[in-house]
Structures are given as structure tokens and as C-alpha cells.
Amino acid sequence: MPFLWLPVFTKMNSETHGARRSTEPVDLRDLIETIPALVLCALADGSAEFANRAWQEYSGRSLQELTGSGWQTTIHPDDIANFFHESTVALVSGKSIETEARLRRADGQYHWFSIRKTLAVSRSQNSEPSLRTLIACEDIEERKQEESARRYSDERHRLVFETASDAVISLDESGAILIANPATARVFGYDPAELIGKPLTTLMPEFLRKLHEAGFKRYLATGQRHINWQGTELTGQRKNGQEFPVEVSFGELTKDGHRIFTGFIRDISERKQAEEIRRQAQKAIQSAREELARVSRLTTMGELAASIAHEVNQPLTAVTNNSNACLRLLANQNLQPDVLRRALEEIVADGTRASAIIARIRAFIKKAPEEKSRLDVNEVIGEVLAMMGHGFEENRILLQSDLAQALPPVLGDRVQLQQVLLNLIINGIEAMTAVTDQPRSLWVESRIDESGDILVAVRDSGIGLSLEADRVFTAFFTTKANGMGMGLSISRSLIEAHGGRLWATPNFPHGAVFSFTLPVDAESLS
């Protein structure tokens with residue numbers, strides 16, 4: 001605020017009721033001392049005539065230290081030149097001016113002040129004129145900090161806006177675009193200036209425009225959003241008419257009573273293409289895994305040929321023997337109904353058994369999608385042991401089993417679990433064929449483990465494992481002369497696809513233990 005310099009005030013004489021003025025002077029300095037602002041009176045040569053108490057307290061200097069040119073040391077060195085330049089301009093023009101400068105506090109810290117300088121002429125008692133400059137300083141440090149923070153924030157937001165790789169668009173309550181950043185040209189093909197004033201629907205394909213307009217009007221009226229405003233995937237349209245996938249996030253603020261909506265629009269065409277490529281790759285990998293598993297099953301079946309022939313031969317031999325018996329009874333006309341009925345029943349049973357064996361073998365080797373169903377693990381183990389019966393006899397292996405009773409069912413693919421068990425058992429048999437100085441025994445166990453899963457373990461007394469037991473599950477790693485090195489790798493992937501895990505440990509004193517877990521079917525627990 002401007003200050004007028006007057007040398008004295010005069011008091012009103014109360015006895016004259018204002019008719020006469022008292023000649024008792026009131027020095028303006030007394031009045032200035034009560035002002036909280038920093039006030040200083042400077043002479044024409046720039047020296048200080050006096051500084052008020054507020055200036056003395058702020059600077060930590062006495063009146064004697066401030067008078068003369070001492071007050072100038074309070075001004076920041078970087079601001080003093082501009083300060084005196086504007087003082088000279090004021091002196092020449094005879095006008096009051098306002099500027100800003102930093103003044104040093106008693107503790108050495110500088111604060112920004114708004115400085116107002118007013119020129120005035122005072123007259124002494126004998127009416128001689130004298131030029132004075134009144135300097136009033138108001139602390140604006142807090143305001144400057146706020147302005148600096150606001151400038152920093154505005155600059156940062158501008159930088160984000162200008163350099164963002166996504167299209168950034170602001171629009172008003174009518175849906176008209178107010179501003180668009182440079183990335184809009186890359187994403188949509190429009191120069192930002194082209195979009196100013198146009199509706200946001202310009203960037204949408206035809207089928208979305210009416211939906212957006214209706215949804216936006218409803219939001220303005222009710223606050224109800226028709227879509228999620230954060231990370232929603234929609235369809236955008238470029239200037240050339242090409243449609244492409246976008247991810248949209250919008251925010252809202254109110255400025256001067258008006259609602260402004262700002263959106264970040266990201267082109268996700270490349271991401272979608274990558275996702276599609278990844279899906280196709282996963283599909284190809286799954287197909288390759290299934291085909292490799294089938295090839296592994298075929299290889300396993302080649303190794304099982306002797307056992308299969310033996311297994312199928314037993315019911316077929318029984319069918320032949322019973323059929324010949326019936327023929328002899330007919331030839332001898334010894335038609336005893338009970339004997340014939342029993343022979344025919346055995347023929348039917350053995351034929352059914354042979355058919356079931358062949359059906360299991362066909363299912364095991366055929367190329368078919370996996371079919372998970374509720375299975376009894378012990379039943380699957382029994383089927384595999386039956387298929388391997390001849391292999392145990394031929395290799396003089398003692399089979400032992402410890403199968404826990406009443407195990408809860410698992411959800412799995414019967415053929416795949418058979419494949420895993422066959423692979424582990426055949427590996428165990430082959431590991432024991434080189435052993436000649438100790439008994440050959442294979443032990444199959446099933447039980448519930450500590451975590452509540454079903455655990456199946458196959459133990460052998462063969463040559464055992466090296467210290468790097470887990471290496472045997474690496475694809476193409478094999479210790480067999482004619483092995484592919486895929487059996488255990490495939491077995492592990494099949495078990496993991498069932499939600500379980502497969503691992504190997506040494507069996508003491510000789511051999512190895514291959515164990516796998518399968519989660520119990522959740523429905524059986526409810």
C-alpha cells in the first residue's frame with residue numbers, strides 16, 4: 001500500500017471543539033513504529049534516516065547499524081542491482097513503484113518481500129523542502145513458495161502432457177475436446193489442432209458413438225458411469241477410418257465451476273498382437289506336448305510288448321480251452337446243462353477280460369484329448385501292475401505293494417497317470433537288470449501325505465541316482481544307451497498339469513525312489 005510522507009501531524013484541540021488546530025506535533029515515526037511491515041525512510045543519497053522496530057527485529061541489527069548505507073546489506077546480493085535500478089527509475093519519474101527482493105533475516109536466511117517505494121517531499125519548520133523515500137516491505141515468502149510449487153506442478157504436468165506416449169485429451173461437459181497432446185497425432189493420425197472443439201466421438205467407430213453419448217449424458221445427470229473409467233479396453237478409430245484396440249482411463253476435476261474430463265488413451269494393438277501370438281504359441285506347445293506324450297506312450301508300449309502278449313494270451317487261452325471242452329461234451333453227447341453253463345460263463349468272462357485289456361491298450365496309445373474324471377489311484381496302480389505282470393516274472397523281480405485303503409478320489413486323466421506309473425516302473429526294472437549281487441525288489445506305495453495330498457512312491461533296488469537327482473527330469477537327459485531322455489520330463493509335466501509334483505530321492509541302501517503327489521478332488525471333501 002502507498003505511504004505518504006508527512007513530517008508531523010497536529011492534534012485537534014478538544015477545548016475549541018475543532019475550531020482551532022493545536023500546534024502540538026505528532027512525529028510520523030511514532031506511528032510507523034506500530035506498523036508490522038518493515039518500513040525504512042531513505043534520503044536522496046540512498047542513506048537511511050531511520051528504520052522501524054519491525055525492520056530492526058527482522059534483520060537483527062540496531063538502528064545505528066541500519067542508518068546510513070548499513071541497511072543495504074540486508075538485501076540479497078543478487079537482487080540489489082535491480083533494487084537500486086528501480087529506485088533510480090522512480091526518482092527520475094517521480095512515481096511510486098513496487099518490486100520484489102530477498103531480505104536477510106537475523107538467522108542468515110533470506111525471505112522474499114514485496115517492496116513498495118514512495119517518494120515524498122517533507123518540509124522542515126522553516127518550510128525548506130527535502131526529498132525522502134519511504135520503503136515498506138511485506139513478507140511474501142509463503143506466497144512465493146506456493147507460486148514456485150504451483151509453477152513446478154504446472155511445469156511437471158505440462159511436461160507429462162507434452163511427452164506422454166499415450167494420447168492425452170481433455171474435454172468439457174458438452175463432450176467437446178479442449179486440448180490434445182502431440183501423441184494424439186501418432187495414435188489417431190489427427191493433428192492436435194484439428195481436434196479442438198470436435199466431439200470425443202470423432203475418435204470412435206460408428207457403433208460406439210451413440211452408446212458414449214447416452215452414457216455421458218446419464219453420467220452428467222446422475223453420476224452413474226456406464227463403463228469403468230480406469231483401464232477399460234475399447235475400440236478407437238484413426239483418421240483414416242482404421243479401427244484398433246485402445247485402453248482408456250479418464251479422470252474428472254472442477255475448475256471455475258466447470259467440469260473438465262481428461263483421458264489417457266493407449267494404443268494396445270501391439271499388445272493384443274503379442275497376446276494372440278502367445279496364445280497361439282501356448283496352443284502349439286500344448287499340442288506338441290500331447291503329441292510327444294503319445295510318442296512316449298508308443299515307445300513305452302514297444303517295451304511292454306511281451307507283457308501285453310502275456311496279459312492278452314491268458315484270457316484267450318482260457319477261452320480256447322473252455323470252447324474245446326464244450327466241443328468234446330457235444331461230441332460225446334454228454335450234454336450236462338450245469339457243466340455247459342459254467343464253461344460258457346467262463347468263456348464270456350475271459351472274452352470280456354481280453355476285450356478290456358485291448359481297450360485299455362488302445363486308449364493308452366491313441367491320440368485323444370485329455371479327459372479328467374474322478375479316479376481311484378489304487379485302481380490305476382492295479383491296472384498298471386497287471387499290465388507289467390510278465391515283466392516282473394521275466395526279470396525275476398519281487399513286487400511288493402503297500403496301498404492305503406479308502407483313499408479319496410483324485411481328478412485326473414486315467415491314461416496320463418497310467419503313462420507316468422508305467423514310465424517309473426519300467427525305469428525301476430531297467431535300473432535293476434544290471435544288478436546281479438543283490439535281490440531285485442520293486443515296492444509301490446500309496447498314502448495320504450502331510451499336506452493332505454495323495455502320495456504315490458515307486459522304490460527300486462537298482463543302481464541308484466547320482467547326487468544331482470533332479471537332473472534326470474531334464475529333457476533329453478538319459479542314462480540309457482537307446483533312451484530319448486523324454487520319459488521323466490514328460491511325466492513331470494503330466495503330474496504338474498494335474499496340480500501335483502514329481503521328484504526323485506535316493507533309496508537306502510540301494511536304488512532310487514520316484515514319488516509324486518496328486519491333489520484330492522475338492523468335491524470329495526465337501
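Bear in mind the structure is a predicted one, so any value in this text is a computation, not a measurement.
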Practice problem: Given side chain to side chain contact (heavy atoms under 4.5 Å, CB included), test Arg266 with Ser165 step by step and report yes or no. | Solution: CA-CA 8 Å; Arg266 175 171 298 173; Ser165 59; 5.6 Å; no
Quiz item: Do any N or O atoms from the side chain of Asn52 and from the backbone of Ala37 form a donor-acceptor pair under 3.5 angstrom?
Solution: yes
Quiz item: How are the rings of Tyr219 and Trp229 set relative to one another: parallel (under 30°), tilted (30 to 60°) or perpendicular (over 60°)?
Solution: tilted
Quiz prompt | Minimum heavy-atom distance between Ile265 and Asp166, given as atom pair plus value | solution = O-CB, 3.6 Å
Quiz item: Is a donor on one side and an acceptor on the other found under 3.5 Å between the side chain of Arg259 and the backbone of Glu173?
Solution: no
Quiz item: Between Ser59 (side chain) and Trp55 (backbone), is there a donor-acceptor pair under 3.5 Å?
Solution: yes
Quiz item: So, Arg61 and Thr73: side-chain donor and acceptor under 3.5 Å apart, yes or no?
Solution: yes
Practice problem: With Asp521 as reference, evaluate Val410, Leu375, Leu411 under the side chain to side chain contact (heavy atoms under 4.5 Å, CB included) test and give the passing residue. | Solution: Leu411
Self-check item: Polar side-chain atom of Asp267 near backbone of Val187 as donor-acceptor pair, under 3.5 Å
Solution: no
Exercise. Kindly say whether Met204 contributes a backbone atom to a donor-acceptor pair with the side chain of Arg209 at under 3.5 angstrom?
Key: yes
Quiz item: Would you find a donor on one side and an acceptor on the other, under 3.5 Å apart, between the side chain of Glu445 and the backbone of Val458?
Solution: no
Quiz item: Are the side chain of His76 and the backbone of Trp112 linked by a donor-acceptor contact shorter than 3.5 Å?
Solution: no
Quiz item: Is it true that Arg143 and Glu100 make a salt bridge, defined as a side-chain N closer than 4.0 Å to a carboxylate O?
Solution: yes
Practice problem: May I ask you to check if Lys117 and Phe83 form a cation-pi contact, with NZ or CZ under 6.0 angstrom from the six-membered ring centre and within 45° of the axis? | Solution: yes
Quiz item: Is it true that Glu233 and Arg271 have a side-chain N and a carboxylate O under 4.0 angstrom from each other?
Solution: yes
Quiz item: For the residue pair Cys41 and Leu134, what are the closest heavy atoms and their distance?
Solution: CB-CD2, 4.1 Å
Practice problem: State whether the side chain of Asp79 and the backbone N or O of Arg102 hold a donor-acceptor pair below 3.5 Å, judged by distance alone. | Solution: yes
Exercise. Check step by step if side chain to side chain contact (heavy atoms under 4.5 Å, CB included) holds for Asn423 and Val420.
Key: CA-CA 5 Å; Asn423 187 268; Val420 172; 5.9 Å; no
Quiz item: Considering all heavy atoms of both residues, which atom of Leu488 and which atom of Leu502 are nearest to each other, and what is their separation?
Solution: O-CD2, 4.4 Å
Exercise. For residues Pro205 and Gly236, report the shortest heavy-atom separation together with the two atoms involved.
Key: CD-C, 4.0 Å
Exercise. Count the heavy atoms belonging to other residues, nucleotides or ligands that lie under 6.0 Å from CD of Glu276, then report whether that count exceeds 12.
Key: yes
Self-check item: Exam field: side chain Glu57 to backbone Ala54, donor-acceptor pair closer than 3.5 Å
Solution: no
Exercise. Show the numbers, then the answer: is there a side chain to side chain contact (heavy atoms under 4.5 Å, CB included) between Phe516 and Leu424?
Key: CA-CA 10 Å; Phe516 65 86; Leu424 299 182; 3.9 Å; yes
Quiz item: If you take all heavy atoms of Ile169 and Ala180, which pair is closest and at what distance?
Solution: CG1-CB, 4.2 Å
Self-check item: CA sep, side-chain torsions, deciding dist, call: Thr517, Ser515, side chain to side chain contact (heavy atoms under 4.5 Å, CB included)
Solution: CA-CA 7 Å; Thr517 59; Ser515 307; over 6 Å; no
Self-check item: Ala167 backbone acceptor or donor facing Thr184 side chain under 3.5 Å
Solution: no
Quiz item: Would you call the rings of His212 and Phe216 parallel, tilted or perpendicular if under 30° counts as parallel and over 60° as perpendicular?
Solution: parallel
